[in-house]
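Computed from a predicted model, the values in this text were never measured in an experiment.
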Amino acid sequence: MTDNRTGGKAGRLCALLVFTLLLVAVPAIGFDFYYDLNDDTLIKDVISGAYTGSPGGYSVQLLYPLSWLISLPYRVAPDFAWYGLFLCICQFGTAILIAVRLTALFGSPKSRAAALLAELLIFLGLFFRELVIIQYSVTAGICMAGAIFLFATSDHKKEKNAVWLLLVLLAFSIRTEVCLMLLPFLLAAGVFGIASEEKILTRANFRKYVLPVCGAALGMLMLLSLDMLAYHGNEWSNFRDFFDARTKLYDFYGLPDYGSNSEFYDSVGLSRESYTLLENYNFALDDSINTWLLESVAEYQKGKLNSTFGFVSKNSVPEALWLYKNRLLGGASAGDLAVAASYLLYLSVCLLLPGKGSFWQAARSVLPKTALLLVIRSVLWLYLYMIDRVLERVTEPLIMAELACVLGFLIRDAKRMRDIGEDTCLQNKRAAFGAVYTIAALGLFAAALHGVSGVREEYAAREKADGRWYALMDYCRQNGQSYYMIDVYSATSYEGASYSEKIFRNVDNSYKNFDYCGGWLAKSPLARQKLSDRGYRDVQSALIADTGMYFVAAPGRDMEWLEAYYAKRGAAVACSRVDEIYTDAGETAFYVYRIRRADNEANG
């Protein structure tokens, strides 16, 4: 394929520039980019130095080598959104890499423009929210989807594997669990790549397919080893055990209620008052809630769950199948419909429009791929329903990866069918394909309009929640001599909109003199360092020592649980509301409480 036939390198470059401009400008002009959840902002705070006062790589969620690299520019320019920029580069950069591949695969300017338009509509129509409201797990999913597409459509005789390998390792570093979940699609692309060769067991195929996969595995092992080395100290090792136990209990097994399990809780020394801290996630208040306790509760709850060949889950296989069936028949999202449409398009193009190739010749290639992909996707979806983790930040990457795999197979197989030969009905077949493309494009355009509308509604809700969250941060900065512990559920969302931060506006990475009274970073060496730097030994004693630590909660949050906890510990306390935090509109966002011993309160 020469440059004359493809319209020249200048034409490809121009098409890519237009694609990039539209992809970035459409979300950027209408919206500010957001971190999705406070999980994302907490990662940013650790890396930027806003959490402890010094940039560092111990973000816990991202692998240490990547966190450390992102923290370096914060040491030079601390008030720039380097972490947010990194996530944006990963997402938009992956889309551009896919576009580069498309311009190489499609010969004529017309077909190239159609392919780029299709990709643009897929991103803006199906995943517009993910481009504007950024979540690191989804970013990892986008990287994996890009790697899968590039691998499935690569010409292994001409191209190197560096790009898709880099995307896999990047996804592994950003969110290891998402990368591993989506690996079966990448392996499927490799298996059928080998199967499409004339001879399978050859040195060339080993070099083209097996070595890159081994390289990816070796890269993952190296990254994981560096991460483990960074966290190898006793403090971090103990915290990682605590983190795993907490994750297992909250995310996979669930916290058993106290009433019907009081005998068990008594046996492990967990009082009703301390249980309430687990229930409302404020467990940083109680140092007796340790790894052993969480593992004991998790193991106890594990025995009450379903077990399938040793795999423990909240839902049984029949229950998961029922939920999966309901999603397919009645609860499908736009992404689910797009995946179903991609399968139909793949089968129709490669089976019904095979040129001079016979139907059965095409079927031997297409049907096994389709069957394997359906098995992979069904197993993964059933797994998510069994563990009851069907969250958008998990399902969206799954949809992206499957769509990338099917469309990658479609492009490669359609090209192969075309190369077999052309028959007299080719013009009619092209017209039919053009009609299908037009219908799909219109559907994606409608989805894009709907997606923009949906993001606009969520954006407005976030703006309202933002007013409260920024009021809290401003209040804490204005009272830098004090320190604030925030009730966890008061710090998650307001009227359904998550508390987070804009990525590129109002950037302030200065030290934050507050922390959550729980969450995934609670009881970590960083959290303990943050307390120690302020002269506090632990949260429980500091709150009642009249040393400048205050408790923050949303209006309407009952504080009796806190007084009851201290009473169980032998300290009668009173929660006195000493201040209110107001938004710019004059609404009360949070209450500030001073926790003092009752006798001190009476004397004071």
Side-chain angles (χ1 to χ4, degrees), residues 32 34-46 48-53 79 81 83-84 133 280-282 284-285 458-522 526-527 530-531 533-534 536 539 542-543 547-559 562 575-595:
D32 297 320
Y34 260 105
Y35 294 110
D36 191 3
L37 304 169
N38 57 11
D39 288 356
D40 304 279
T41 59
L42 189 53
I43 293 172
K44 180 265 299 179
D45 287 346
V46 172
S48 68
Y51 188 75
T52 61
D79 289 327
Y83 173 61
I133 302 172
N280 62 24
Y281 227 69
N282 288 312
L285 190 62
E458 181 177 352
Y459 195 79
R462 282 180 176 267
E463 287 274 315
K464 194 174 181 180
D466 251 5
R468 285 166 157 70
W469 188 247
Y470 279 100
L472 170 65
M473 291 194 292
D474 290 342
Y475 178 89
C476 293
R477 291 190 185 102
Q478 292 164 10
N479 296 275
Q481 74 285 356
S482 300
Y483 193 81
Y484 302 90
M485 294 301 299
I486 307 175
D487 171 57
V488 172
Y489 283 139
S490 296
T492 54
S493 63
Y494 174 73
E495 294 184 350
S498 298
Y499 285 133
S500 61
E501 298 175 24
K502 292 181 179 180
I503 294 179
F504 299 110
R505 289 185 182 271
N506 306 315
V507 177
D508 187 348
N509 294 319
S510 59
Y511 171 76
K512 291 182 176 179
N513 57 323
F514 64 84
D515 201 358
Y516 304 103
C517 199
W520 54 264
L521 200 56
L526 289 182
K530 192 175 175 72
L531 286 173
D533 289 344
R534 302 289 299 202
Y536 303 130
V539 178
L543 268 176
T547 53
M549 181 184 285
Y550 296 87
F551 195 83
V552 178
R557 289 286 289 176
D558 182 13
M559 298 297 293
L562 187 55
C575 299
S576 303
R577 194 170 74 204
V578 296
D579 209 348
E580 296 183 16
I581 301 175
Y582 299 99
T583 66
D584 291 339
E587 297 178 324
T588 302
F590 295 95
Y591 290 150
V592 181
Y593 293 92
R594 181 173 58 187
I595 315 300

For the residue pair [X] and [Y], establish whether any side-chain heavy-atom pair is separated by less than 4.5 Å.
X	Y	result
V552	F514	no
D32	F504	no
D515	M485	yes
C575	I595	yes
K44	E501	yes

Donor-acceptor contact below 3.5 Å, side chain [X] vs main chain [Y]:
X	Y	answer
D533	K530	no
R462	D36	yes
N38	S498	no
S490	A554	yes
R477	Y511	no
Y536	T547	yes
S576	V578	no

Could you tell me which non-hydrogen atom of [X] sits nearest to which non-hydrogen atom of [Y], and how far apart they are?
X	Y	answer
Y484	S482	OH-CB, 3.4 Å
P555	Y591	CA-CE1, 3.7 Å
G480	R534	O-NH2, 3.2 Å
Y516	A491	CE2-CB, 3.6 Å
A553	D487	CB-CB, 4.0 Å
C476	N513	O-ND2, 2.9 Å

Across all chains, not counting sequence neighbours, the side chain to side chain contact (heavy atoms under 4.5 Å, CB included) partners of T52 are S54, L526, Q529

Out of curiosity, [X] [atom1] to [Y] [atom2], how far, rounded to the nearest 0.5 Å?
X	Y	atom1	atom2	result
D39	L521	CG	CG	10.5 Å
R557	L562	CZ	CG	11.0 Å
D584	D466	CG	CG	11.0 Å
I486	F551	CD1	CZ	9.0 Å
D579	N479	CG	CG	7.5 Å
W469	F590	CH2	CZ	6.0 Å

Answer with yes or no whether the side chains of Y489 and N282 bring together a donor and an acceptor at under 3.5 Å.
-> no

Using the ring of each side chain (for Trp, its six-membered ring), is Y494 parallel, tilted or perpendicular to Y499, with breaks at 30° and 60°?
-> parallel

In terms of ring plane angle, is the pair Y34 and Y459 parallel, tilted or perpendicular, where the classes change at 30° and 60°?
-> perpendicular

